[in-house]
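Single-structure report; data block below.
These numbers were taken from a predicted model, which means no experiment stands behind them. All heavy atoms count here, side chains included; hydrogens, waters and symmetry mates do not.
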Amino acid sequence: MTDHMPDEVSAVGRDHRAYTDELRANHDVVQNVSGEWVLLRHADVMAAAMDHRTFSSAVSRYLQVPNGLDGDEHTTMREVIERHLSEEALAPFLPVFEEVAATLAGELPRGVVLDAVTDIGAVFAVRAQCAWLGWPQELEPRLLEWMADNHAATRSGDRAWMADVADQFDEIIRSVILPRRAAGADAHDDVTTRLCRDEVDGRRLTEAEIVSILRNWTGGDLGSIALCVGVLMAHLAEEPPMAEWLRSATDSEVDAIIDEILRIDDPFVSNRRVTTCPVTVSGQEIPEGARVKLHWTSANRDEAVFDSDRFDPTAHADANLVYGIGKHVCPGRLLSTWELRVAIRALLSSVNSIEMVSHDALEREVAPVGGYHRVPVVLV
C-alpha cells in the first residue's frame, strides 16, 4: 500500500489523529517532509518496537536515559529507573496523590468555564510530581509557566525556541539536585535525593544522567498527564453515563476504561528510531541510517486491529499501545495509570457532573502534539 505515496506528507498544523486516519486509508508507510519514514499500521509499529537491533533508539543528540539508549547500556539504566517506578516503590505515594487530587478538586470553582488541560490537568500533574519527587511547592508557578512555554515552543516547531525552553528546564532540575548532591548524607530523604545517591556499575550517577532521568520523569510527563486529563474529561463530559458508571467502578475497571479512551485518542503521538541496516516494512524499502517514526496514535486506531466504532476496554486491551511495547515500553506506565485514576476519581467524587461548554468549543492539538489544546468544561 505504499506504491502511490503522496508527494508531500506533513502533519504540521493538522490534527495527528484525523490526518493519520486519512493516510491509513491508502498507505501503510509514508515519508514525511523531514525525510522520516512514518509507520502507520499497528503490526508494523509493534514489530519495529520489538526489534531493537534493527530499529535503534539512539536517535537524539542529547542524552536520554533510559529510552534513548540501546543494548546493555539501556538494560543497566532501566534497572536503576525501575527501582523508583515499581509497585512497591510507588505504593506509599498513592495516598499522597489522592490527597493532592482531592485538594485540587475541592479548590476548583463550580459553575464557571475551566480548561481541563491547563486549569486541571497541568496543575494536578505539577502538584503530584512535586509530591512524589520531594520538590518544593514553591516551584509550582515556575513549572506551570515552563509547561506553557514548552507547549507553545513545541507547537511552533521552532527548534531554537524548543532548545532554549529545554535548557530552562534543565536549570530547574539543577536547582533541585545540586543542593542535594552538595549536602551528601545530610540531604533530606526523598525520591530525588535517592536518585542522586543511586549507583550504576559501582559508581554514582553523573549529574548529566540525573538531569536526563528527571527531565524524562517531569518535563515529558507533566505535559503528557495534562493532555491525558484533557482527553479523559472531554470524553466523560460527552458521555455522562460512562462518568456515572465510573463512580462505582473498581480500580482495574477504571484503569481499563482510561486506557481505552487514550487508545482512541492517544496524546502520546510517536517515538523515533534509526535503522541500523536496510529493512523492508510493508513492501517499502528503508535504507540503513534512516529516521523512522513509530506512530502510536495511528497504530492505536488501525482498523485492521480495532473496531473503531466499538468502545471495548476488554477486547482491545492486549493490542493497546498507549505506553508502547518491547524493551523501551514506558517505564512510568504504573505511575501515570495511578495518577490518572486518582485524578478522575477525585473529580467525579467532588462534582455532580462535568459539562462540556459545547462540542464546537473543543480545540484539537496540532502536530507535533496530540490530544486537545483546550477542553472548556463546567463543573456542576
Side-chain angles (χ1 to χ4, degrees), residues 13-21 101-126 128 144 147-148 151-152 155 222-249 253-269 297 300-301 308-313 316 322 336 339-367 369-380:
R14 304 185 66 165
D15 168 18
H16 269 293
R17 188 174 70 156
Y19 188 40
T20 52
D21 283 353
T103 300
L104 174 60
E107 293 173 352
L108 294 170
R110 271 49 171 177
V112 301
V113 178
L114 299 171
D115 177 15
V117 180
T118 58
D119 296 329
I120 303 175
V123 176
F124 171 73
V126 167
L144 288 171
M147 286 177 68
H151 193 95
R155 214 171 191 242
L222 292 177
S224 297
I225 291 294
L227 289 169
C228 286
V229 170
V231 168
L232 294 170
M233 291 194 68
H235 192 92
L236 296 180
E238 295 197 309
E239 297 286 344
M242 182 173 294
E244 188 60 34
W245 186 83
L246 280 173
R247 295 178 194 275
S248 58
E253 289 170 336
V254 173
D255 293 348
I257 287 173
I258 287 174
D259 280 357
E260 176 71 346
I261 293 172
L262 295 179
R263 177 194 68 77
I264 293 169
D265 197 346
D266 187 354
F268 306 111
V269 177
T297 298
N300 269 325
R301 294 174 59 81
S308 58
D309 294 327
R310 188 179 65 183
F311 184 90
D312 196 333
H316 294 158
V322 164
S336 296
E339 287 184 350
L340 291 171
R341 181 214 303 158
V342 163
I344 293 302
R345 277 202 184 282
L347 285 165
L348 292 176
S349 297
S350 67
V351 300
N352 293 320
S353 64
I354 302 169
E355 298 181 359
M356 185 71 67
V357 173
S358 77
H359 183 79
D360 292 339
L362 282 169
E363 184 180 348
R364 295 291 308 182
E365 267 300 353
V366 295
V369 185
Y372 289 101
H373 180 61
R374 186 169 181 269
V375 179
V377 295
V378 175
L379 305 181
V380 179

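Put simply, the residue from L262, I225, V322 that forms a side-chain contact (heavy atoms from CB on, under 4.5 Å) with S336 is I225. Only one option out of R345, R110, E107 pairs with S350 in a side-chain hydrogen bond (donor to acceptor under 3.5 Å, both in side chains); it is R110.
Of all the heavy atoms in V254 and A249, the pair that sits closest is CG2-CB, 3.8 Å. Here the closest heavy-atom approach between residue M147 and residue A122 is recorded as CE-CB, 3.7 Å. Nearest heavy atom pair, residue P376 against residue V113, reads CB-CG1, 3.9 Å. Residue I261 comes nearest to F311 through the heavy atom pair CG1-CE1, 3.7 Å, listed as atom of the first residue, atom of the second, then distance. Residue A234 comes nearest to L362 through the heavy atom pair CB-CD2, 4.1 Å, listed as atom of the first residue, atom of the second, then distance. V342 and A101 make their closest contact through CG1-CB, 3.5 Å (heavy atoms, listed as atom of the first residue, atom of the second, distance).
For the salt bridge (charged side-chain N to carboxylate O under 4.0 Å, His left out) condition, the pairs that include at least one residue of residues 232-247, sequence neighbours left out, are E244-R247.
Side chains of D115 and V375 form a contact here, defined as non-hydrogen atoms less than 4.5 Å apart. The shortest distance between side-chain heavy atoms of E365 and V117 does not fall below 4.5 Å. Within the 4.5 Å cutoff, no side-chain heavy atoms of V112 are placed close to those of V378. R17 places a side-chain heavy atom less than 4.5 Å from the side chain of I264. Taking 4.5 Å as the limit, some side-chain heavy atom of Y372 sits within range of a side-chain heavy atom of R364. With a 4.5 Å cut-off on side-chain heavy atoms, D266 and V231 do not count as touching. Looking at heavy atoms from C-beta onward, V229 lies in side-chain contact with L340 at the 4.5 angstrom threshold.
Considering CZ of R263 and CD1 of I258, their distance stands at 15.0 Å, rounded to 0.5 Å. The CE atom of M233 lies 10.0 Å from the CG atom of D119; values are rounded to the nearest 0.5 Å. Taking CZ of R301 as the reference point, atom CG of D265 lies at 7.0 Å (rounded to 0.5 Å). Atom CD of residue E363 and atom CG of residue D15 lie 11.0 Å apart, to the nearest 0.5 angstrom. The line from CD1 of I257 to CG of L236 is 9.0 Å long, rounded to the nearest 0.5 Å. Taking CG of L232 as the start and NE2 of H235 as the end, the distance is 9.0 Å to the nearest 0.5 Å.
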Requested in this report: List the steps, then state whether side chain to side chain contact (heavy atoms under 4.5 Å, CB included) holds for I354 with L379.
Outcome: CA-CA 5 Å; I354 302 169; L379 305 181; 4.1 Å; yes

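For R14, the salt bridge (charged side-chain N to carboxylate O under 4.0 Å, His left out) partners are E22, not counting sequence neighbours.
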